[in-house]
Structures are given as structure tokens and as C-alpha cells.
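Have a look at the structure below before the remarks.
The residues of the chain are indexed from 1 along the displayed sequence. This one's a predicted model, so the numbers in the text were calculated from it and none came from an experiment.
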Amino acid sequence: MDFLTLFLIYLCLVLAAVGLLCICSGRKESFLARSVNGASQVLSFVIPSQLQSVTQRVLHRLFHTRSSLFVALHILLQAAVYGEYTWEVFVYCEELQFHLLLLLLPYLLLAGNVGCFILCSRANPGIITKSNHASLVKIYPYDGVLFQKGIVCPTCNMEKPARSKHCRFCSTCVHRFDHHCVWVNNCIGSFNAKYFFLYLFTLTAMAATIAVITTAFLIQVVLLSNMMYGSYIDDQGQEHAVEILFLIQHLFLTFPRIVFMLGFVILLTLVLGAYCCFNLYLALTNQTSNEWHKSRRYGCSHHVTLQPYDRGVVYKNLYSKGIWMNLKEIFKPPTALERKNA
């Protein structure tokens with residue numbers, strides 16, 4: 001086994017471990033986290049130290065610093081999907097006389113998605129500086145559970161406003177911090193949350209639209225060929241009526257790239273759709289991903305406790321003002337003046 005193969009195997013194992021640890025984040029003593037750490041320690045006795053050092057530097061570069069790698073991967077995947085859609089699906093559907101507006105819809109969604117992507121990645125998410133700290137600290141009250149008054153960020157050397165968090169990728173504190181998105185290479189905070197929401201929505205709609213059009217094309221091909229009413233002879237020489245599995249195999253052999261793309265965009269639609277619904281839930285309840293994750297440690301109550309260090313502490317979301325006002329806050333973040341007059 002050569003050095004490159006060994007490196008790739010080790011990198012895959014470490015990436016899998018990182019993924020599991022990301023899932024287990026917030027559960028410091030979970031069984032799964034301990035298992036992953038134990039597996040990493042065992043591998044450290046087998047893998048050469050130089051290889052471990054190189055892998056750690058690569059992983060640190062990918063997952064602990066700002067990097068354009070995932071942005072490039074994002075663009076590459078979009079280009080591959082739209083290339084296949086343009087050169088095969090669009091052409092075939094046009095010959096089958098699909099409605100032109102339906103075929104152009106993915107391109108319209110792409111234009112909107114690119115615009116939201118640029119705005120989300122280039123916009124200031126709400127970086128807290130010494131000049132705006134005094135105004136940002138007045139916007140949200142401290143709930144005494146997730147956010148407590150007097151906590152100073154050791155890196156920025158400033159008191160953390162309520163709903164803020166220090167991002168280890170960008171090395172800055174962000175107002176109303178949601179998460180750091182590697183796909184846009186920027187934090188998601190108070191001032192670009194609306195762009196991220198629209199970016200995610202258009203990305204989901206793009207995948208769903210391409211999946212629907214591609215599925216409609218393949219169904220039309222099957223119907224025009226009358227394959228559903230045919231039969232085939234298996235390896236034993238027996239004749240069988242055409243079944244769904246046979247149709248899928250036939251389509252994969254006839255249009256391999258189209259069927260592969262369809263499977264990818266269907267999976268993408270399901271994953272992005274679920275994540276889009278989760279973000280909609282957060283927006284309607286005026287929570288961030290960071291707050292939702294941290295609040296899982298506490299129970300639910302209609303009353304707010306003021307004893308955050310007790311084991312029986314419970315958490316209530318103080319920032320929800322009703323569905324309409326919560327959604328409005330995403331698209332028009334409050335200022336200190338608005339908060340004072342509220």
C-alpha cells in the first residue's frame with residue numbers, strides 16, 4: 001500500500017470522525033464522542049506521525065479557518081448540474097414540446113440564487129466593533145440563561161451583547177449570531193440573515209424544479225415508448241412483464257448522466273427542504289441555530305428562572321414577539337432606537 005493510498009484512507013477516517021463530532025457537538029461526554037476520540041487515539045498508534053501532522057493541518061485549514069474551498073465546490077456542483085440540464089434535459093424537453101417558461105424556470109431561480117449568494121457572502125453579518133458595541137448591546141435584553149450580562153469575549157476584549165457569539169472562523173463577535181456557513185464563506189448574523197434565508201429557499205427551489213422537470217421528461221420517454229406494456233426475457237430465458245425496477249435500470253443505461261443527476265438533485269431537495277423548514281421554524285419563533293442548540297440543554301417552561309447555574313434551570317425564549325413580528329425582524333433587524341421605543 002503506497003503512501004497516497006494510506007493518506008486517503010486516513011483522511012477519510014478522520015473526516016468521518018469530524019463529521020460525527022460535529023453531530024455530537026454540545027454533548028461533551030456522549031458515548032459517540034468518546035468512541036470517536038478513542039478510535040482516533042487507536043489510529044494514532046498505526047498512522048505515521050508525519051501523516052497525522054499533515055492531516056491535522058489540512059483539517060484545520062478546511063474546518064477551522066475561513067476558506068474558499070467550499071465556495072468553489074458549491075460553484076462546481078451547480079455548474080455540473082446546470083451543464084447536464086442544459087445540454088441534455090433542456091434539449092430533449094424542447095423536442096418533446098415542454099412549455100418554454102417551465103424549462104427556463106431553473107435559470108430564473110439560478111439568477112436569484114446567485115444574487116442572494118453574493119449578498120450573503122459579501123454583506124457584513126453584524127460584526128461587533130468598539131464603535132458599534134454600545135448601540136448593539138442595547139438591542140436585546142439578557143435572558144439570564146443562554147446570555148448573561150458581564151461575559152467578556154477573551155479575544156475581542158468586549159462584553160458580549162445578548163444573542164451574540166464569537167466566531168472562531170472569522171475571529172470576530174457577531175450580533176445575533178446564527179452560524180458560520182462554509183458554503184458562503186461568511187457568518188450568518190443579524191444583517192445578512194434575510195439573504196441567507198432567500199439563498200436557501202432559492203437553492204431548494206432550484207433543486208426541486210430540476211428534479212420535477214427531469215422526472216417529467218423520463219416519464220414522458222417511458223410513455224412514448226410504450227415500454228410499460230412490454231416484456232423482457234431474463235437470463236434464464238423466462239419472459240416477464242416490465243416492472244419499475246427494470247424501467248429504472250433501462251433508463252439508467254439509456255440516460256446514465258441524467259438519471260445520476262436526478263438522484264443527486266432529489267437527495268439535495270430532501271436535505272435542503274428539511275433544512276429550509278428548520279430555518280423557517282427558527283425565523284417564525286425568533287431563534288437562531290446557536291440559540292436552538294444551546295437551549296436543548298434546558299427544559300421548557302412558561303416562566304423564566306433567574307438561577308442559571310442551578311441544575312434545574314429552564315429556558316424560555318424571551319425574543320419571540322409573534323409570528324409576523326418575528327418574520328419581520330429577519331428582513332428588518334431592529335436598531336437600538338427601535339428597541340428603546342418598543
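Judged by distance alone, the side chain of Glu159 and the main-chain N or O of Gly150 form a donor-acceptor pair under 3.5 Å. A donor-acceptor pair under 3.5 Å is absent between the side-chain atoms of Ser320 and the main chain of Asn317, judged by distance alone. Side-chain atoms of Ser164 do not come within 3.5 Å of backbone N or O of Lys160 as any donor-acceptor pair. Remark: side-chain polar atoms of Ser68 are not paired, donor with acceptor, to backbone N or O of Val71 under 3.5 angstrom. The backbone N or O of Cys120 lies less than 3.5 Å from a partner atom in the side chain of Asn186, making a donor-acceptor pair. Remark: the backbone N or O of Leu318 is not paired with any side-chain donor or acceptor of Tyr140 at under 3.5 angstrom. With hydrogens and angles disregarded, a donor-acceptor distance shorter than 3.5 Å links the side chain of Asn192 to the backbone of Gly189.
By the 4.5 Å heavy-atom criterion applied to side chains, Gln78 and Leu110 are counted as neighbours. Side-chain contact between Thr288 and Lys165 is absent, with no heavy-atom pair separated by less than 4.5 Å. Side-chain atoms of Leu282 and Ser289, non-hydrogen and from C-beta on, do get closer than 4.5 Å to each other. Side chains of Ser121 and Asn185 form no contact here, defined as non-hydrogen atoms less than 4.5 Å apart. No side-chain heavy atom of His175 sits less than 4.5 Å from a side-chain heavy atom of Asn132. Taking the side chain as every heavy atom from C-beta outward, Thr285 and Trp292 never approach each other to under 4.5 Å. Between Cys187 and Phe169, every side-chain heavy-atom pair lies at or beyond the 4.5 Å cut-off. Residues Val184 and Phe70 have side chains not in contact (no heavy-atom distance under 4.5 Å, counting atoms from C-beta outward).
Leu280 and Leu200 fall into different hydrophobic clusters, where Ile, Leu, Val, Met, Phe, Trp and Tyr side chains are chained together by heavy-atom contacts under 4.5 Å. In this structure, Leu105 is a member of the same hydrophobic cluster as Tyr85, with clusters built from ILVMFWY side-chain heavy atoms closer than 4.5 Å. In the hydrophobic clustering of ILVMFWY residues, with side-chain heavy atoms under 4.5 Å counting as a link, Val145 and Tyr319 come out together. Both Ile210 and Ile75 are members of a single hydrophobic cluster when ILVMFWY side chains are connected at heavy-atom separations under 4.5 Å. Hydrophobic clustering (ILVMFWY, side-chain heavy atoms < 4.5 Å, transitive): Leu96 and Val212 are in distinct clusters.
To the nearest 0.5 angstrom, Met261 atom CE is 9.5 Å from Ile266 atom CD1. Atom CG of Asn279 sits about 13.0 Å away from atom CZ of Phe201, to the nearest 0.5 Å. Note that the CZ atom of Phe147 and the OH atom of Tyr142 stand 10.0 Å from one another [nearest 0.5 Å]. In this structure, the separation between CG on Asp143 and CD on Glu291 is 8.0 Å, given to the nearest 0.5 Å. One finds the CG atom of Leu262 at 5.5 Å from the OG1 atom of Thr214 (value rounded to the nearest 0.5 Å). Residue Cys277 holds its SG atom at 11.0 Å from CG of Leu272, rounded to the nearest 0.5 Å.
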Would Ile213 and Cys93 count as a side chain to side chain contact (heavy atoms under 4.5 Å, CB included) if you check the C-alpha gap in whole Å, the side-chain angles of each, and the deciding distance to 0.1 Å? CA-CA 8 Å; Ile213 295 174; Cys93 289; 4.1 Å; yes
For a side chain to side chain contact (heavy atoms under 4.5 Å, CB included) check, start with the C-alpha distance between Phe177 and His166, then their side-chain angles and the critical distance, and finish with the verdict. CA-CA 8 Å; Phe177 178 87; His166 184 85; over 6 Å; no
Are Glu84 and Ile258 close enough, and set up right, to give a side chain to side chain contact (heavy atoms under 4.5 Å, CB included), and what steps lead you there? CA-CA 7 Å; Glu84 181 62 26; Ile258 293 178; 3.3 Å; yes
Steps toward side chain to side chain contact (heavy atoms under 4.5 Å, CB included) verdict (Asn286, Arg163): CA-CA 11 Å; Asn286 205 333; Arg163 311 192 77 180; 3.1 Å; yes
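Of all heavy-atom pairs between Ala207 and Leu268, the closest is CB-CD2, 4.2 Å. Across every non-hydrogen atom of Asn326 and Leu284, the tightest pair is ND2-O, 2.7 Å. Minimum heavy-atom separation, Asn124 to Ile127: OD1-N, 3.0 Å.
Within the structure, ring-ring contact (aromatic ring centres under 6.0 Å, His included) pairs that include any residue of residues 251-275 comprise Tyr92-Phe255, Phe217-Phe255 (at least two apart or interchain). Residue pairs meeting the salt bridge (Lys or Arg N to Asp or Glu O under 4.0 Å) criterion with at least one partner in residues 170-195, sequence neighbours excluded, are Arg176-Glu329. Within the structure, the side chain to side chain donor-acceptor pair (under 3.5 Å) test picks out the following pairs touching residues 196-208 (sequence neighbours left out): His74-Tyr199, Asn113-Thr202. The stretch residues 85-102 participates, sequence neighbours left out, in these salt bridge (Lys or Arg N to Asp or Glu O under 4.0 Å) pairs: Glu88-Arg257.
The side chain to side chain contact (heavy atoms under 4.5 Å, CB included) search around Thr86 returns Tyr107, not counting sequence neighbours. With sequence neighbours excluded, no residue forms a ring-ring contact (aromatic ring centres under 6.0 Å, His included) with Tyr195.
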